Participant: 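Quick one: the structure is below, questions incoming.
As the structure is a prediction and not an experimental result, all values here were calculated from the model.
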Amino acid sequence: MHNASEQSDFSLTSAEIPWRAGYYPTLWPSEHTDLWRSHTVFDAGLPAQFEAAQLQVESANLNLPVWGYTRAENQVFVIGGSPFMLEIFTTQIKGEPLQGDATQATAAGFAIEQAQANVPYVARVNTLTMQVTQFAMSEGKTLNYTGGMLMHANGFVYAVAQSVLYKIDANTMQAVQSLQLPVVGDDVEGHFFTTYNGMQVLANGQLVLKGFHFFENASVPGWLLLINPDTLALDVKQSAMLSSARLTVQQSSDGPTYLYQVNATQSLRYLITEAGFSLDTAWTRDYRSVDSGSTQASSPLLYGKIGQIAFADNTAPGASTPINFYMQPLAVDELPAELEGRPAFDVSLPGYNFFMIAGDPFQRQLMVYYDPINRLLAAHQFSADGSSSLLWERNDVYTVSASPAIVSDRDLLYIDNYQDGRDYFVVLRLSTGEELASIPLAAKLPTIGTIFVGMNQDVFILNSEAGGKNGLISRITLA
């Protein structure tokens, strides 16, 4: 429970796991399962040795589902109903030409039209019956771009959409409090394009959020916030240059608490104290210039056991360069003068990926990434000295569009594969890329949705089905 008089106490108890402190005790409490954004869990999901012929799928309809979470037994949560950009990403993955473009000049009218037809929501799904209960997040007036949610250690569900933070009772599925978050920019247009896409939690319970200008974030400052989870009071509101990459947190029982973020051109680290966020200028490094031909990076993944941060560029359309990934040591005295990109794939084609890298920073120290535009998929091995090597690559085999999930001790990697007008759920051997199983889903489009691991020998995939309202949550189990 948060106590305003204890804001300076960011330390962990001996029982807390550094990459999960502050979360509800469940398997997948945030978009990427932990504070390090690993996408990796252990001893869960499908058995290590399963029969592919026994895989079965049951589904329920949801409008534009994107992010999935577990909470109590037989209970998962989904956030969706935010259409902006989803159709653009989906169209390009299919290889079809865009109608119009994604520039700020043409986006406002389209975004307003979409917002009138879609209301963001939080859904609770009973995994035994696939029955859905929803809460509509209808208070926001800014851009309806996908937000985020987390399962808090205090038992409440916190969700953000259209610049409004909601504190939701998981049992009644009603908001007990809400907070209009500060907008960015100095004019009405800037206010409208304010975007809050997810949050993190600290060991003391405080919520960490960021707001940014969706288009002009290279020049328009955003906001870093610390919020009291009990009262939703703003403990800290601080101006910073921020972009769409989600927040990564490093905590320890005997050291500082750091926040990692990648903005339009730089990889950043902030020390979090009761006074706010202190930019670590000695650690911050450029990774691109605005005119480099690449686009901004996706979220950073913390490899805390080997002292590295990793992320990939080209998370937005318009890239004229191949996707590169970057490694950055946590120790300042090991930093290079500037970060150099490394090819994510052997094939050198311009591409981009809405989703961030996935990896196992706990046991295997590997990264998995894909390029949905060019049908590329690869895994890389990382070392503590910052070196990396290609582990395996499967190119021109899968059109992966979903955010993947990893169960490292079972040597399983869950992806999807869009082919012949249908999406498939696919299980690969994590260590080799060998295909173990593939099963068709009811979805007819690539997805801007996540795969997440359940608590009852099950795995879930969200199919956004952008452009309509027939999205799906599918539960994969063994018959």
Participant: Can you find a side-chain donor-acceptor pair between Thr40 and Asp360 that sits under 3.5 Å?
Facilitator: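 Thr40 vs Asp360: no donor-acceptor pair found between side chains.
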
Participant: Regarding Thr477 and Gln56, is there a side-chain donor-to-acceptor distance under 3.5 Å anywhere?
Facilitator: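 Side chains of Thr477 and Gln56: pair found under 3.5 Å.
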
Participant: May I ask you to check whether Gln296 and Ser244 show a side-chain donor-acceptor distance below 3.5 Å?
Facilitator: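 Their side chains do contain a donor-acceptor pair, which is all the 3.5 Å distance test asks for.
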
Participant: For Arg20 and Thr33, does a side-chain donor sit closer than 3.5 Å to a side-chain acceptor?
Facilitator: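 Yes.
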
Participant: Quick check, are the ring centers of Phe325 and Tyr369 under 6.0 angstrom apart?
Facilitator: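 When the ring centroids of Phe325 and Tyr369 are compared, they turn out to be at least 6.0 Å apart.
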
Participant: Exactly one of Tyr23, Phe362, Tyr260, Tyr303 should register a ring-ring contact (aromatic ring centres under 6.0 Å, His included) with Trp36. Which one does?
Facilitator: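 For Trp36, the ring-ring contact (aromatic ring centres under 6.0 Å, His included) test succeeds with only one of Tyr23, Phe362, Tyr260, Tyr303, which is Phe362.
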
Participant: Which value, rounded to the nearest 0.5 Å, describes the distance between Leu128 atom CG and Arg475 atom CZ?
Facilitator: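 The distance works out to 6.5 Å.
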
Participant: Looking only at side chains, do Thr70 and Thr26 share a donor and an acceptor under 3.5 Å apart?
Facilitator: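 Per modelled atom types, Thr70 and Thr26 side chains form a pair under 3.5 Å.
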
Participant: Please work out whether the ring planes of Phe460 and Phe452 are parallel, tilted or perpendicular, with thresholds of 30° and 60°.
Facilitator: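 Ring orientation of Phe460 relative to Phe452: parallel.
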
Participant: Begin from the C-alpha positions of Tyr196 and Gln162 and carry the test side-chain hydrogen bond (donor to acceptor under 3.5 Å, both in side chains) through to its verdict.
Facilitator: CA-CA 7 Å; Tyr196 286 84; Gln162 292 187 284; over 6 Å; no

Participant: When rounded to the nearest 0.5 angstrom, what distance separates OG1 in Thr248 from CD in Gln250?
Facilitator: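 It comes to 10.5 Å.
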
Participant: First locate atom CG of Asn463, then atom CD1 of Ile448, and finally report the distance between them rounded to the nearest 0.5 Å.
Facilitator: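 Taking CG in Asn463 and CD1 in Ile448, the distance rounds to 10.5 Å.
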
Participant: State the CG-CG distance between Leu232 and Leu207, to the nearest 0.5 angstrom.
Facilitator: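 Leu232 atom CG to Leu207 atom CG measures 7.5 Å (nearest 0.5 Å).
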
Participant: What residue among Asn456, Asn126, Thr129 forms side-chain hydrogen bond (donor to acceptor under 3.5 Å, both in side chains) with Asn74?
Facilitator: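 Looking at Asn456, Asn126, Thr129, the match for Asn74 under the side-chain hydrogen bond (donor to acceptor under 3.5 Å, both in side chains) is Asn456.
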
Participant: Please determine, by modelled atom types, if Asn204 and Gln206 share a side-chain donor-acceptor pair under 3.5 angstrom.
Facilitator: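 Looking only at side-chain atoms, Gln206 and Asn204 do form a donor-acceptor pair, the distance falling under 3.5 Å.
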
Participant: Is it the case that the side chain of Glu58 and the backbone of Met130 share a donor-acceptor pair, with hydrogens and angles ignored and the cut-off at 3.5 Å?
Facilitator: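 No: the side chain of Glu58 does not pair with the backbone of Met130.
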
Participant: Is it the case that the side chain of Ser38 and the backbone of Pro361 share a donor-acceptor pair, with hydrogens and angles ignored and the cut-off at 3.5 Å?
Facilitator: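 Checking the backbone N and O of Pro361 against the side chain of Ser38, no donor-acceptor pair under 3.5 Å is found.
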
Participant: Between Ser299 and Arg37, is there a side-chain donor-acceptor contact under 3.5 Å, judged purely by atom types and distance?
Facilitator: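 Judged by distance alone, the side chains do not pair up.
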
Participant: Can you find a pair of side-chain heavy atoms, one from Gln328 and one from Tyr287, that are under 4.5 Å apart?
Facilitator: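 Gln328 vs Tyr287: side chains apart.
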
Participant: Tell me yes or no: between the side chains of Asn118 and Asn144, is some donor less than 3.5 Å from an acceptor?
Facilitator: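 On atom types as modelled, these side chains do not qualify, holding no pair under 3.5 Å.
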
Participant: Between Asn263 and Met241 (side chain of the first, backbone of the second, donor and acceptor by atom type, cut-off under 3.5 Å), is there such a pair?
Facilitator: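 Pair found, side chain donor or acceptor close to backbone of Met241.
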
Participant: As an exercise, state the distance from OH of Tyr258 to OG of Ser252, rounded to the nearest 0.5 Å.
Facilitator: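 One gets 9.5 Å once the value is rounded to the nearest 0.5 Å.
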
Participant: Determine the interplanar angle of the Phe193 and Phe84 rings, folded into 0 to 90°, and report it as parallel if under 30°, tilted if 30 to 60°, perpendicular if over 60°.
Facilitator: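 Tilted, since the angle between the ring planes falls between 30° and 60°.
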
